[in-house]
Amino acid sequence: MVSRSAEAKALGIKMGAPLFQVRPLIEQHQVQVFSSNYALYGDMSYRVMSYLASVVPELEIYSIDEAFLGLHGMERYTKPALNDFAQEIREQVNQRTHIPTCIGIAPTKTLAKLANHLAKQDTACKGVLLLDSVERQWWALGQVPVEEVWGVGRQYGQKLRAMGLDTAADLACCSEAWARKHMGGVVGARLVRELQGTPCHQLHASEDGTLARKSIAHTRSFGRPLSKFDDLLGAVAAFTSRAAEKLRAQGSETYMMTVFLGQNRFGPTPPPYTYSAQITLPTSTSNTTDLVRAARALLEKLWQPGLLYKKAGVIFDGLEGHGQPQLSLFEQLPEVQRPQSAALMRKLDQLNSRFGQNCVQVATAVAAVPKGTPAPWLGQKRQCSLARTTSWKDLWEIG
DNA sequence: TCTGGGGTCCTAGGACCC
DNA sequence: TCTGGGGTCCTAGGACCC
């Protein structure tokens, strides 16, 4: 259970609880359960972000369901005007997507997150909280338990409580030097300064309403544990293909690749549970066949006969913008060397986008799979909702 | 039987180079 | 052979985020 409605939370279904543990509750109260549906979420997110990009000077997409809006140049607006502006945004997003939102406005990202947190909690805010004075900022800081501050996780939360710091305000009273010493160095120092109202985190604006990642990964747990090299190769090749698609979709190339295998963390085997290997490629690429070849080499280093693996993943780091890779003087642009490669990948992406994911795949990803059977690494998505907005076969039918 | 899938930034040590 | 002050890259891991 990763995302729960207010009603589900009220039943006591915990974040991260595995389905089998809450099965009785679910049956008793007829709780509706859905597998994750990334295609639908991604498309709805894109609709919201595109709208936001059209109404504010700067937009940073922070995650699939959160964004920072830069309001620079709007400081002169009075409090009611800013509140009205935020309300208008909420109404528009709701009209277009039926997605409810809350907005926190403050001089730093950390304070804006804190304001947003309070706006969600207190219905009197009507979804918007503006912290436009030092007095209101300190009032807000006093309302929030320290572990709910953005950047304070479980470890620091416990540590701060043990030191008698209970609220965000207590933390904001600490000195930068203290935070540097006790909260992970420069990270903690910035956190405290942000709480005090001094911006330390820039806005990383995205101009086109999409998010350009610095690393791209595709990782999955298998439907059942796998041990044979060929099965794992199939999985790793399929994951590499998906990650390479994501890479091309954001117009990037990679020169660093990691492959990892994971064993069952809940099983009888003691740690380590994951084994990983990394390679630096001689030149940046987004070509699926090149990347699958590299993935295979990494897997050959990792794989041990007799071990049962439950999970695998492929991660691309060292991303470079396509067309402007940082090459040394003596290297050729990859696309100049192999002009047909880019065209082939474009065709591959077009086919898969038009006729469905995995319509065309690299042979390595399917070689080990007998005809007519699902790939052994696929998870069981038993309760998937439909991809209403991104798949022809799942369109709403009205009749 | 069943236990998610992504990301970010920072630190530190060792190899290697000038 | 020892001394010294840089720098980069690679690798691994920790803490946090959604």
Side-chain angles (χ1 to χ4, degrees), chain A residues 1-4 13-24 26 33-39 41-42 45 60-68 109-110 113-114 116-117 146-160 179-191 194 200-202 204 211-225 239 242-243 246-247 250 255-258 260 262-267 271-281 298 301 310-319 326 328 377-384:
Chain A
M1 297 304 196
V2 170
S3 180
R4 302 148 298 149
I13 296 175
K14 295 272 186 295
M15 168 72 180
L19 186 58
F20 74 93
Q21 276 178 11
V22 290
R23 183 79 69 188
I26 284 184
V33 177
F34 299 97
S35 305
S36 47
N37 186 339
Y38 302 117
Y41 310 154
S45 173
E60 174 184 337
I61 299 169
Y62 177 64
S63 72
I64 198 160
D65 69 347
E66 261 184 274
F68 291 103
K109 283 184 167 179
T110 310
K113 288 275 289 182
L114 192 128
N116 177 272
H117 179 78
V146 74
E147 52 278 311
E148 267 149 56
V149 171
W150 187 46
V152 177
R154 223 182 47 211
Q155 309 285 331
Y156 290 139
Q158 284 175 7
K159 184 168 168 181
L160 294 172
R180 195 177 286 272
K181 188 171 171 198
H182 293 100
M183 292 189 69
V186 65
V187 180
R190 287 204 278 248
L191 198 164
E194 283 250 324
C200 300
H201 297 298
Q202 288 182 345
H204 306 280
L211 181 55
R213 295 279 179 203
K214 294 179 176 177
S215 70
I216 284 178
H218 191 81
T219 72
R220 285 288 182 278
S221 298
F222 305 142
R224 58 179 169 85
F239 298 175
R242 273 297 298 145
K246 295 187 209 170
L247 197 62
Q250 75 161 46
Y255 62 84
M256 272 169 66
M257 178 179 197
T258 304
F260 73 82
Q263 294 193 279
N264 185 4
R265 287 179 297 137
F266 306 96
Y273 300 116
T274 61
Y275 304 86
S276 73
Q278 197 170 32
I279 190 174
T280 301
L281 302 168
L298 291 174
K301 277 207 245 174
K310 193 71 179 76
K311 182 177 180 174
V314 173
I315 304 162
F316 299 147
D317 286 297
L319 268 42
Q326 292 155 17
S328 81
W377 56 85
L378 289 181
Q380 323 97 321
K381 290 206 168 184
R382 280 183 284 219
Q383 350 236 6
C384 206

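When reading the values below, keep in mind they use all heavy atoms of this one structure, side chains included, and skip hydrogens, waters and symmetry mates. Reminder, nothing fancy here: chain letters follow the sequence lines and each chain counts from 1.
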Rounded (10°) bend between the five-pair end axes of the helix from B:dG5-C:dC18 to B:dC18-C:dG5 = 10°
Taking atom [atom2] of [N] as reference, at what distance in whole Å does atom [atom1] of [X] sit?
X	N	atom1	atom2	answer
A:Arg242	B:dG5	CZ	C1'	13 Å
A:Phe34	B:dG4	CZ	C1'	18 Å
A:Tyr41	B:dG6	OH	P	14 Å
A:Trp377	B:dG5	CH2	P	16 Å
A:Tyr273	B:dG4	OH	P	14 Å
A:Arg265	B:dG5	CZ	C1'	12 Å

I'd like a table of donor-acceptor pairs (distance under 3.5 Å, sequence neighbours excluded) in which one partner is a side-chain atom from residues 146-153 of chain A, with atom names and distances.
from	atom 1	to	atom 2	distance (Å)
A:Glu147	OE1	A:Arg161	NE	3.0
A:Glu147	OE2	A:Arg161	NH2	2.8
A:Glu148	OE1	A:His117	NE2	2.9
A:Trp150	NE1	A:Tyr62	OH	3.3

inquiry  = Could you work out, with ring pair (Phe, Tyr, Trp, His ring centres under 6.0 Å) as the rule, every residue matching A:His204, not counting sequence neighbours?
reply    = none
Residues in side-chain hydrogen bond (donor to acceptor under 3.5 Å, both in side chains) contact with A:Asp65, at least two apart in sequence or another chain = A:Ser63
Taking [Y]'s backbone N and O only, do any of them form a donor-acceptor pair with [X]'s side chain (distance below 3.5 Å, no angle check)?
X	Y	value
A:Lys311	A:Thr219	no
A:Ser45	A:Ile64	yes
A:Lys214	A:Asp317	no

note = Which of A:Glu194, A:His201, A:Gln202, A:Glu60 passes side chain to side chain donor-acceptor pair (under 3.5 Å) with A:Lys109? It is A:Glu60
If the cut-off is 4.0 Å, is [X] near the phosphate of [N], judged by side-chain N/O to OP1 or OP2?
X	N	result
A:Arg23	B:dT3	no
A:Thr219	B:dG6	yes
A:Arg220	B:dG6	yes
A:His218	B:dG6	yes

inquiry  = Both A:Phe20 and A:Val186 contact DNA chain B. Taking the nearest nucleotide for each, which residue is further toward the 5' end?
reply    = A:Phe20
remark   = Note: for A:Lys311 and A:Val187 on DNA chain B, the residue whose nearest nucleotide lies more 5' is A:Lys311
inquiry  = Say we look at C:dG4 and B:dC17: how far apart would their C1' atoms be, to the nearest angstrom?
reply    = 15 Å
task = Please check if atom NZ in A:Lys159 has more than 12 non-hydrogen atoms from other residues, nucleotides or ligands closer than 6.0 Å.
result = yes
remark   = Protein heavy-atom contacts under 4.0 Å, written 5' to 3' over nucleotides 13-18 of chain C as B (base), S (sugar-phosphate only) or - (none), form the string --SSSS
Protein-nucleic acid N or O pairs under 3.5 Å, nucleotides 7-11 of chain C:
from	atom 1	to	atom 2	distance (Å)
C:dT11	OP2	A:Gln278	OE1	3.3

Contact check, side chains of A:Gln263 and A:Tyr275, non-hydrogen atoms, under 4.5 Å = yes
ask   = Are side-chain heavy atoms of A:Arg220 and A:Trp377 found at a separation under 4.5 Å?
value = no
ask   = What pair of heavy atoms forms the shortest contact from A:Gly318 to A:Met256, and how long is it?
value = N-CB, 4.5 Å
inquiry  = Testing the basics here: between A:Thr258 and A:Ser276, what is the closest heavy-atom pair and its distance to 0.1 Å?
reply    = CG2-CB, 4.1 Å
query = What does A:Lys14 touch in the nucleic acid at a heavy-atom separation under 4.0 angstrom: a base, only the sugar-phosphate, or nothing?
reply = nothing
